[in-house]
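Have a look at the structure below before the remarks.
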Amino acid sequence: MSRFTTLLARDIRLIWRRPGDVAVVLAFFVLAAALFPLGVGPEPNALRRIAPGVLWVSALFAAMLSLDRLFADDQADGTLDHLILCGLPLELAALAKCLAHWLTSGLPLAILSPALGLLFGLDHQAVAVLAGTLLLGTPSLSLLGGLGAALTLGARRGGALLALLVLPLAVPILIFGVGAVESLVTGDGIVTHFALLGAFLAGGVATLPWAMAAALRQAAE
């Protein structure tokens with residue numbers, strides 16, 4: 001576990017040495033969400049109705065921005081070969097890198113989302129549910145993105161391929177994340193949506209690191 005935490009701390013340190021990368025993700029999230037009111041108009045009811053979908057889609061696209069570098073830098077400087085040989089199972093190494101990605105992109109997006117939710121006119125309950133769905137859903141996006149990054153490692157136009165691979169897989173997470181806020185507004189239960197988001201996350205943790213490790217070994221050969 002110490003190697004896991006060492007790798008996690010190293011990746012977080014490397015990401016924070018490039019604060020511009022994190023700032024771009026957050027700025028994209030804010031700007032993308034802010035453009036929608038300009039397109040649909042300032043009518044408050046319309047903004048409240050589209051807010052969950054707009055913020056979730058904006059968060060999804062923002063989280064994708066930094067995924068193509070998740071393993072690319074390690075492959076370029078030889079760290080990937082070291083990770084394969086260092087004794088830490090590659091599955092755990094892939095999980096640590098996805099966790100570092102979430103801590104520096106998904107978590108800040110979830111923390112920032114209440115402010116944007118209030119700007120769209122959501123009440124405090126809806127804002128809390130929105131932030132909760134992002135907290136539970138964005139780790140799954142990092143795991144799916146990690147799989148996409150591993151599968152497209154070294155490929156030409158890897159960023160575009162990564163988006164084509166990950167976006168369809170992220171649709172269920174998007175649906176249940178948005179659905180939780182909409183269910184709160186309509187008075188339906190939100191527990192099912194949170195349970196399904198949790199199930200996606202548990203399933204992702206249980207399976208995707210192994211798929212990532214297999215793809216990384218293939219890329220290193």
Side-chain angles (χ1 to χ4, degrees), residues 12 15-16 18-68 98-145 159 162-163 166-198 200-201:
I12 292 174
I15 293 170
W16 282 110
R18 303 188 302 264
D21 292 357
V22 179
V24 165
V25 170
L26 297 180
F28 179 90
F29 180 48
V30 173
L31 289 174
L35 286 177
F36 279 89
L38 299 178
V40 301
E43 205 279 317
N45 289 331
L47 291 179
R48 275 194 293 272
R49 191 169 61 252
I50 67 170
V54 167
L55 295 176
W56 251 98
V57 170
S58 300
L60 171 60
F61 288 152
M64 298 280 301
L65 289 178
S66 55
L67 282 171
D68 61 337
C98 290
L99 180 56
H101 176 268
W102 177 75
L103 288 172
T104 54
S105 63
L107 181 59
L109 292 176
I111 292 173
L112 189 57
S113 64
L116 290 174
L118 292 174
L119 289 177
F120 274 79
L122 293 178
D123 61 32
H124 289 83
Q125 269 190 317
V127 164
V129 171
L130 173 68
T133 59
L134 285 169
L135 276 174
L136 197 54
T138 47
S140 297
L141 297 182
S142 291
L143 287 167
L144 288 173
L162 191 155
V166 173
L167 289 178
L169 297 175
V171 169
I173 301 167
L174 180 67
I175 290 173
F176 292 118
V178 174
V181 184
E182 292 178 343
S183 294
L184 177 74
V185 174
T186 59
D188 296 331
I190 62 173
V191 175
T192 302
H193 297 278
F194 273 92
L196 287 169
L197 287 173
F200 273 109
L201 178 56

Rounded to the nearest 0.5 Å, the CD1 atom of Ile50 sits from the CG atom of Asn45 at a distance of 11.5 Å
Residues Ile190 and Ser183: closest non-hydrogen pair is CG2-CB, 4.2 Å
Taking every heavy atom of Val25 against every heavy atom of Ser105, the minimum-distance pair comes out as CG1-CB, 4.4 Å
Heavy-atom closest pair (Ser142 atom, Leu67 atom, distance to 0.1 Å) is O-CD2, 4.4 Å
Regarding His193 and Thr133, do their side chains bring together a donor and an acceptor under 3.5 Å, going by distance alone? no
For Pro52 and Val181, the nearest pair of non-hydrogen atoms, with its separation, is CG-CG1, 3.5 Å
For Trp56 and Leu174, the nearest pair of non-hydrogen atoms, with its separation, is CB-CD1, 3.5 Å
- request: Would you indicate whether the side-chain heavy atoms of Leu116 and Phe29 approach each other to under 4.5 Å?
  value: yes
Quiz prompt | Check: Ala110 main-chain N/O paired with Ser113 side-chain donor or acceptor under 3.5 Å | solution = yes
**Prompt:** Taking the side chain as C-beta and beyond, is there a heavy-atom pair between Ile173 and Leu196 under 4.5 Å?
**Reply:** no
Return yes if a side-chain donor-acceptor contact under 3.5 Å exists between Trp102 and Thr138, otherwise no. yes
Are there over 12 heavy-atom neighbours, none belonging to Glu43, within less than 6.0 Å of that residue's CD? yes
Between Ala170 and Leu141, the two heavy atoms sitting closest are CB-CD2, 3.7 Å
Query - Any side-chain heavy-atom pair of Phe176 and Phe194 under 4.5 Å - result: no
Side chains of Leu31 and Leu35: does their closest heavy-atom pair fall under 4.5 Å?
no
Note, Phe61 side chain near Leu167 side chain (heavy atom, < 4.5 Å)
yes
Q. Is any side-chain heavy atom of Ile15 less than 4.5 Å from a side-chain heavy atom of Asp21?
A. no
